[in-house]
Structure formats: C-alpha cells, structure tokens
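We use all heavy atoms of the structure for the numbers below, so side chains are in, but hydrogens, waters and symmetry mates are not. A, B, ... follow the sequence lines: proteins, then strands. Residue 1 opens every chain.
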2 protein chains.
Amino acid sequence: MKPINLIIADDHELFRNGLNELLKKYDDVHVVALVEDGNELFKELEKHKDIAIVLLDITMPNMDGFQVLNKLKNSDNNIKPIVISMHDEGNYIASCAKNGAYSYLLKNTDQDELIKTIRIVNGGKKYFQPQIAEKMINYMSEQSVSENILSNKEKEVLDLISKGLTTKEIAKRLFVSSRTIETHRANIIKKLEVKNTAELIKKATEINLI
Amino acid sequence: MKPINLIIADDHELFRNGLNELLKKYDDVHVVALVEDGNELFKELEKHKDIAIVLLDITMPNMDGFQVLNKLKNSDNNIKPIVISMHDEGNYIASCAKNGAYSYLLKNTDQDELIKTIRIVNGGKKYFQPQIAEKMINYMSEQSVSENILSNKEKEVLDLISKGLTTKEIAKRLFVSSRTIETHRANIIKKLEVKNTAELIKKATEINLI
DNA sequence: CTAAAAATCAGTATAAATACGGATGCTATT
DNA sequence: AATAGCATCCGTATTTATACTGATTTTTAG
C-alpha cells in the first residue's frame, strides 16, 4: 500500500513545520515538500509527479491560494487541493468551492478531522464539514438584499441587456422607444453605482439580480 | 408552548395529503393549509400571519418554487421555506440556497429527517444535509471547464473590462494601443460566442471566468 | 524546424452607449 | 392635497464599441 503524497503550502513557517510534525504520526501520509507560496508549489509539482494532495493556505505572497486553485483546475492532473485557512467567512469558502477545492478546513481544526479529511479526499471525494457548508450557504443567500432597489421594468430591461440585446432590440420588444430603454439603463447604472454596462452586468450577477 | 404553523405547497395531491397525515403525529407541528401552487400559497399567507414554515415543491404550475422563494425573500416576513424536491441536481440545490431556502430535502427523505429539519429550521437555523451540500459544491466547482479557451492576455483584458474600464483605460494600463485591446475584446467575444460586452460578462461569470 | 496560436498594431465605417440637459402622466404614501 | 418615485419620452453631443479586412512579430506546440 502506497502512502498519500502531499505538499504543504503555507507562508507561516511555524504552521508549516508544525503540520509536518503532526502528520509524521500517520504511516499512510508522506509529506513530500513544504513550500511558502504558489510559485514554489508549482516548482515542486514539476519535480514530483505523484502528488495526491496539496494542503493550501489562502493568504500567501506572490501567488496566493485562489490563484493556485485556479491554475490546478485548469491543468490536467489529479492533485486534490485541501484549503486550510484561518478565515471562516462564507465568501472565502464559496470561492474555494467554486475553484475546485476538495475541502476547506479552519486552522483550528483538530488533527483527527485533518487526517480524516485527507483520507476522504485521497479517495477522490470532496468533504466539507457541515458548519463550513452552512457558512457558505448563508453567504450565498445573503448575496442579494438588493432586489428591491430596481423597479420591475428596470429588472426586465437589465435581464434583456444581460442577454446581449441592444437598446434598439429591447425597445422593440417592450414596445417603447429606444430613449426609454437608454434612460432605464442609465438609471440602473446610477443605482448600482457602476461606470458602464460591463461593470453593471458583473455587479448584477454578484448581487444575484440576474 | 405554541405549535409550529406550516403550509404545504405541492401540486401533487397525494403527496400533499400524505405529508399532512404524516405530520399529524407530531404535536408540535400544525399544518395550517395545503395549497397546490405559489399563488394559492400567498393567498393563504395573507390570511394567516403566524406561519413559520412553508414546505415547498419546486415544480408547480402558475408560480413555481423558485418564484416563491424569490418573492418571500424580497418581502419582509420571517417565513422560512423548506424545499422538498425530487430533483437532486446540484443546480437546483444551489439556486434554492441562493434564493433563501432554509433547507433542501429530497422526496425520499424519511420522516425522522423531515421532522428534525422542521424543528431545526423553526429555530431559525438553516440545515442542509451533508449529501445535499456535497452535490451543490460539486455543481459549483464543475461550472468552469473552459478557462483554457482564453489566453492569459485575454483573461487579463476581460478582467479589466468587467471592472468597468474602457478600452482606452485598459490600453493605457497595459502599455499597448487601443487597437490591441479592441482586437482582444473582439476575439474574446468570438471565442465565447456572444454578441456584445454585456452578454460576454454574463457568460464569463457563469462559466467562472471572472 | 515548421505550423499554429498569441500578441501586437492599423484603416474605415457604422452602430451603440454615455453624459448632459429637460418633460409628463401615473401611483402610492403621507 | 402634496410629495416622491416610477415609467415614459425627447434633443444634442461625445465617447465607445463593433464590424470588416489586413498585417507583423513572438511564442508555443508538434
């Protein structure tokens, strides 16, 4: 039976080394390398082709955890990242889940949970603790408090804009003049405090409007 | 001690009535009404001002579950919706979570889980079973397979576009001519098969590019 | 090494969006 | 009855974005 090869990426040396010591107790886990940022991580991944898991901190210099997740997701390998972070905010958790993290642990997790998570993830399964999943869900649902700031017409117009229709096309569809649609768009842009349509669509999706 | 007042909204009569019978066993739960779509639900909510929970099906005629969630979220009340659905696809679950569902149960859930969920939700806490949360997380992370279709420069430009910068501003920031940025944007639009910047930003967020 | 992308720049023309103005009728709330 | 917000409309001018065609250099991949 071969051990689980993993790399620890964290910019705090004490934490990194502590984790390493801690994992020495487990025969089925082999810490291949300790690195302090994303760049070093990818150098190590070049050298070692049999890495199963990366324990990943979010806040690191040069290349941070989010960037690492993204790069891992877009290269074909079967390295499974486990995020270990001190932030328990929902937006961090949701971003990590979105970017392919196999788990999200807080730094105050006990070692039983850690080794349990490593083993589950090594089996190819994602594992998010209930309280972590809960924070993420709360964050997602709180994203939109703002639906009321737009009128129904404005929401309708916004939806059509986001579908790629031009002002003229929207006007025709809603049986009003182009001027009206332009005014609507201008008002929406003002209400959401953005500069132009591009930023508008981005913000609108962020706050769950479309 | 006052009972938990709830309404069941589901377009299948047998299921609705079955659920009702089932909940009669529990003294702390009081089924106030049974309705078969969202419109009826809101009529009942007008009549009864002390409803704590709505058991909500997704697929219903006239006004479906998503619309109900949305309307509930945007009106101020403390009705806590629990979605009971036969769909276990991640996108359904994620949408419900996003729109303020307090829980998401499958129709094959056993009654112990149901009553447990009702009691937890009545206490104001959201509760998503681990296997449900897992499906949602998987869905979220699978959203993007496509990052590779854009070059790094294109991603960089796309990011700046989404932040509301104009072509000229982006050109200045990246030390190239406006033409270059225009070409980049045109290429990005072509690659993602969209009509204009608005639709581009929408699609880019959908597939997790920004 | 060679072919294919990627990144850079250009001309010309049209379409669309944004920034300023300003106006009216309607509805809901106070 | 009055105020405020909404939806509707209009003019003018400027800025941006899009469409089409075309090109060079560098980088990447086979």
Taking side-chain contact (heavy atoms from CB on, under 4.5 Å) as the test, write out the residues that go with Gln129(A), two or more places apart. Leu105(A), Thr109(A), Glu113(A), Tyr127(A), Gln131(A), Ile132(A)
By side-chain contact (heavy atoms from CB on, under 4.5 Å), which residues pair with Ala133(A), not counting sequence neighbours? Ala133(B)
Kindly write out the residues that satisfy side-chain contact (heavy atoms from CB on, under 4.5 Å) with Thr183(A), not counting sequence neighbours, or none if the list is empty. Asn187(A)
So, OP1 or OP2 of dA6(C): does either fall under 4.0 Å of a side-chain N or O from Lys191(B)? yes
Lys43(B) meets the salt bridge (charged side-chain N to carboxylate O under 4.0 Å, His left out) criterion, sequence neighbours left out, with none
To the nearest angstrom, how far is Asn187(B) atom CG from dT8(C) atom C1'? 11 Å
Filtered N/O pairs between nucleotides 28-30 of chain C and protein, under 3.5 Å:
none

Going 5' to 3' through nucleotides 10-30 of chain D, assign each nucleotide B (protein heavy atom under 4.0 Å from a base atom), S (under 4.0 Å only from sugar-phosphate atoms) or - (no protein heavy atom that close). BBB---SSB------------
Roughly how far, to the nearest 0.5 Å, is the CD atom of Glu40(A) from the CE atom of Met60(A)? 10.0 Å
Axis deviation across the helix from dC1(C)-dG30(D) to dT30(C)-dA1(D), five-pair ends, to the nearest 10°: 70°
Could you check whether the rings of Tyr92(B) and His87(B) sit parallel, tilted or perpendicular, using 30° and 60° as the cut-offs? parallel
Report the residues that fulfil side-chain contact (heavy atoms from CB on, under 4.5 Å) with Lys125(B), sequence neighbours left out, ordered by chain and then residue number. Glu134(A), Ile120(B)
How long is the line joining NE2 of His184(B) and C1' of dT8(C), in whole Å? 7 Å
Under 3.5 Å, side-chain donor or acceptor atoms of residues 46-55 of chain A against the rest of the protein: list the pairs with distances, not counting sequence neighbours.
residue	atom	partner	partner atom	Å
Lys47(A)	NZ	Glu44(A)	OE2	3.2
His48(A)	NE2	Glu44(A)	OE1	3.2
Asp50(A)	OD2	Asn5(A)	ND2	3.1

Partners passing side-chain hydrogen bond (donor to acceptor under 3.5 Å, both in side chains) against Lys195(A) (at least two apart in sequence or in another chain): Glu169(B)
From NZ of Lys172(A) over to P of dC9(D), roughly how many Å is that when rounded to an integer? 15 Å
Does Thr205(A) have any side-chain hydrogen bond (donor to acceptor under 3.5 Å, both in side chains) partners at least two apart in sequence or in another chain, and if so, which? none
Across all chains, not counting sequence neighbours, the salt bridge (charged side-chain N to carboxylate O under 4.0 Å, His left out) partners of Glu156(B) are Lys153(B)
Ile181(B) CD1 to dC9(C) P: how many Å, rounded? 8 Å
Mind calculating the distance between CD1 (Ile201(A)) and P (dT18(C)) to the nearest angstrom? 10 Å
